[in-house]
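Quick notes on the structure that follows.
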Amino acid sequence: MKAEFYARDVCVVARELIGCIVHHGPCAGVIVETEAYHESEPACHAFIGNTPRTRTLYAAPGCAYVYRSYGVHAMLNAVAEVEGVGAGVLIRALQPLVGIEQMRERRGVHELEQLCAGPGRLTQALGIGLELNGTDLDRGPVTISPPAAGTPPPAILAATRVGITKAVELPWRFASVDTRFVSRPWPRQDGSSDDGATAARSPNRSAGAGSSR
DNA sequence: CATGGGATTGACT
DNA sequence: GTCAATCCCATGC
């Protein structure tokens, strides 16, 4: 997608990226979970301003912001809002589409649901490294394309973001309703008691609903 | 120049 | 559930 798609409110971009397709080489997957980050709130790297670490977030919309997390994992973001505003959408999970055997080799895991269920996992599965920081998500090597024509817009869930300690209250995490491929269990939507249906539908991690942080 | 802290994952108790 | 791995960089002396 072109820069105009990304040059909008970062939460709108995060929602509309659900259902789009990330490609890298022979591998591709449907985006099923995202989070929005904006310089106005302290969970965003750009909150501290434009520094060597954060400069890509301020670059042109549609760039890839790839950074190292915990000294270990690569995280893939799509830079959003107009150039000069620090904002991006973290891609948190994919439903694997093609290149699945190569994903399994890179991950050392067989189960389809485990290949791209997490921001560090999907970059490993697709072979996306820090050297791709700043590259253009329309021109590649990593590209994001719209859903296949005729695909109905997916129903979207919103919740609070994961793994952060600041601005934890903002509901800027988005996912497709099919939680089979998401990175962490989705918080329970209704207030009713558990009848077992929720857990039965989520082979996702060990436990059923509820948060661990 | 030294230190602290992560937008996480996987192994272990 | 708990915890280490691992490294760039922002911050403070």
Side-chain angles (χ1 to χ4, degrees), chain A residues 6 10-11 13-15 17-18 22 31-59 63-81 85-94 96 103-134 137 142 157-175 181-187 199 203-213:
Chain A
Y6 299 97
V10 68
C11 289
V13 177
R15 280 180 169 274
L17 278 174
I18 304 288
V22 179
I31 300 175
V32 297
E33 180 183 353
T34 62
E35 284 178 0
Y37 289 87
H38 188 272
E39 63 178 20
S40 62
E41 44 91 12
C44 182
H45 292 165
F47 182 71
I48 61 172
N50 191 331
T51 69
R53 184 191 182 201
T54 65
R55 82 180 193 292
T56 307
L57 278 172
Y58 292 85
C63 284
Y65 169 49
V66 186
Y67 71 95
R68 188 183 297 288
S69 174
Y70 290 92
V72 179
H73 306 286
M75 301 279 153
L76 173 65
N77 298 249
V79 174
E81 310 257 351
V85 173
V89 176
L90 173 68
I91 312 298
R92 285 195 58 90
L94 305 177
M103 294 185 193
R104 285 177 170 144
E105 286 176 22
R106 287 176 172 143
R107 292 270 298 118
V109 167
H110 182 82
E111 199 185 355
L112 196 63
E113 286 79 3
Q114 290 295 311
L115 293 179
C116 299
R121 291 169 173 167
L122 71 90
T123 54
Q124 183 186 15
L126 297 208
I128 295 172
L130 302 184
E131 72 279 3
L132 295 170
N133 184 37
L137 289 173
V142 178
L157 301 172
T160 54
R161 295 174 292 185
V162 178
I164 56 173
T165 58
K166 292 166 283 196
V168 294
E169 72 285 357
L170 295 177
W172 285 8
R173 179 189 182 200
F174 306 100
F181 293 94
V182 303
S183 63
R184 310 183 80 86
W186 204 258
N204 199 43
R205 268 236 204 271
S206 48
S211 61
S212 55
R213 294 198 182 175

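Letters A, B, ... mirror the listed sequences (proteins, then strands); counts begin at 1.
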- Task: Starting from C1' on B:dT8, measure out to CD on A:Glu33 and report it in whole angstrom.
- Result: 13 Å

- Message: Of the listed nucleotides (B:dA7, B:dG10, B:dT8), which one gets closest to any side-chain atom of A:Ile164?
- Response: B:dA7

- Counting only non-hydrogen atoms, which of residues 35-47 of chain A are less than 4.0 Å from DNA chain C? none

- Roughly how far apart, to the nearest Å, are C:dC13 and B:dG5 at atom P? 14 Å

- Note on the structure: Residue set satisfying side-chain contact (heavy atoms from CB on, under 4.5 Å) with A:Pro42, at least two apart, ordered chain then number -> A:Phe47, A:Lys166, A:Ala167

- Under the salt bridge (Lys or Arg N to Asp or Glu O under 4.0 Å) test, residues paired with A:Arg104 that sit two or more places apart: A:Glu101

- Euclidean distance, atom CG of residue A:Asn77 to atom C1' of B:dG6 [Å, nearest integer]: 14 Å

- Task: Please report the closest heavy-atom contact between A:Pro119 and A:Ser183, naming both atoms and the distance.
- Result: CD-CB, 4.4 Å

- What residues, two or more places apart in sequence or in another chain, satisfy side-chain hydrogen bond (donor to acceptor under 3.5 Å, both in side chains) together with A:Thr54? A:Thr51

- Task: Tell me, please, which residues at least two apart from A:Tyr58 pass ring pair (Phe, Tyr, Trp, His ring centres under 6.0 Å).
- Result: none

- Once you round it to whole Å, what is the distance between P of C:dA10 and CG of A:Leu57? 12 Å

- What residues, two or more places apart in sequence or in another chain, satisfy side-chain hydrogen bond (donor to acceptor under 3.5 Å, both in side chains) together with A:Ser40? A:His38

- Item | P atoms of B:dT13 and C:dA5, separation to the nearest Å | 14 Å

- Could you tell me the separation between the NZ atom of A:Lys166 and the P atom of B:dG4, rounded to a whole number of Å? 16 Å

- Task: Using a heavy-atom cut-off of under 4.0 Å over every strand shown, decide if A:Arg92 touches base, sugar-phosphate, or nothing.
- Result: sugar-phosphate

- Message: Output the rounded distance in Å from CZ (A:Arg184) to C1' (B:dG10).
- Response: 12 Å

- Item | C1'-based separation of B:dG10 from C:dC8 [nearest Å] | 22 Å

- Note on the structure: Writing each nucleotide of DNA chain C 5' to 3' as (, ), [, ], | or . by Watson-Crick or G-U pairing under 3.5 Å yields |||||.||||||.

- Message: Measuring only between side-chain heavy atoms, which start at C-beta, is A:Met103 closer than 4.5 Å to A:Leu126?
- Response: yes

- Message: Checking side-chain contact (heavy atoms from CB on, under 4.5 Å) between A:Met75 and each of A:Leu130, A:Leu90, A:Val66, which is the one that passes?
- Response: A:Leu90

Sort me out a list of protein N/O and nucleotides 3-9 of chain C N/O pairs below 3.5 Å, or just none if empty.
{"unit_1": "C:dT6", "atom_1": "O2", "unit_2": "A:Tyr70", "atom_2": "O", "d": "2.3"}

- Using atom CE of A:Met75 as one end and atom C1' of B:dG6 as the other, report the distance to the nearest whole Å. 10 Å

- Message: Can you measure A:Tyr67 atom OH to C:dA10 atom P for me and round it to whole angstrom units?
- Response: 14 Å

- Task: Identify the heavy atoms of A:Ile91 and A:Leu122 that sit nearest to each other, and give their distance.
- Result: O-CD2, 3.4 Å

- Message: Between A:Arg107 and B:dT9, is there a contact of a side-chain N or O with OP1 or OP2 at under 4.0 Å?
- Response: no

- Nearest heavy-atom contact between A:Gly86 and A:Cys44 is O-SG, 4.2 Å

- Message: Quick test of your reading: applying side-chain hydrogen bond (donor to acceptor under 3.5 Å, both in side chains), list the pairs with at least one residue in residues 123-133 of chain A, sequence neighbours left out, ordered by first then second residue.
- Response: A:Thr56-A:Asn133, A:Arg107-A:Gln124

- Message: Output the rounded distance in Å from CZ (A:Arg161) to P (B:dT8).
- Response: 11 Å

- Could you give the distance separating B:dG4 and C:dA4 at their P atoms, to the nearest angstrom? 16 Å

- Can you list every pair that meets salt bridge (charged side-chain N to carboxylate O under 4.0 Å, His left out) and has a residue in residues 31-46 of chain A, with sequence neighbours left out? A:Glu33-A:Arg92, A:Glu33-A:Arg173, A:Glu35-A:Arg92, A:Glu41-A:Arg161

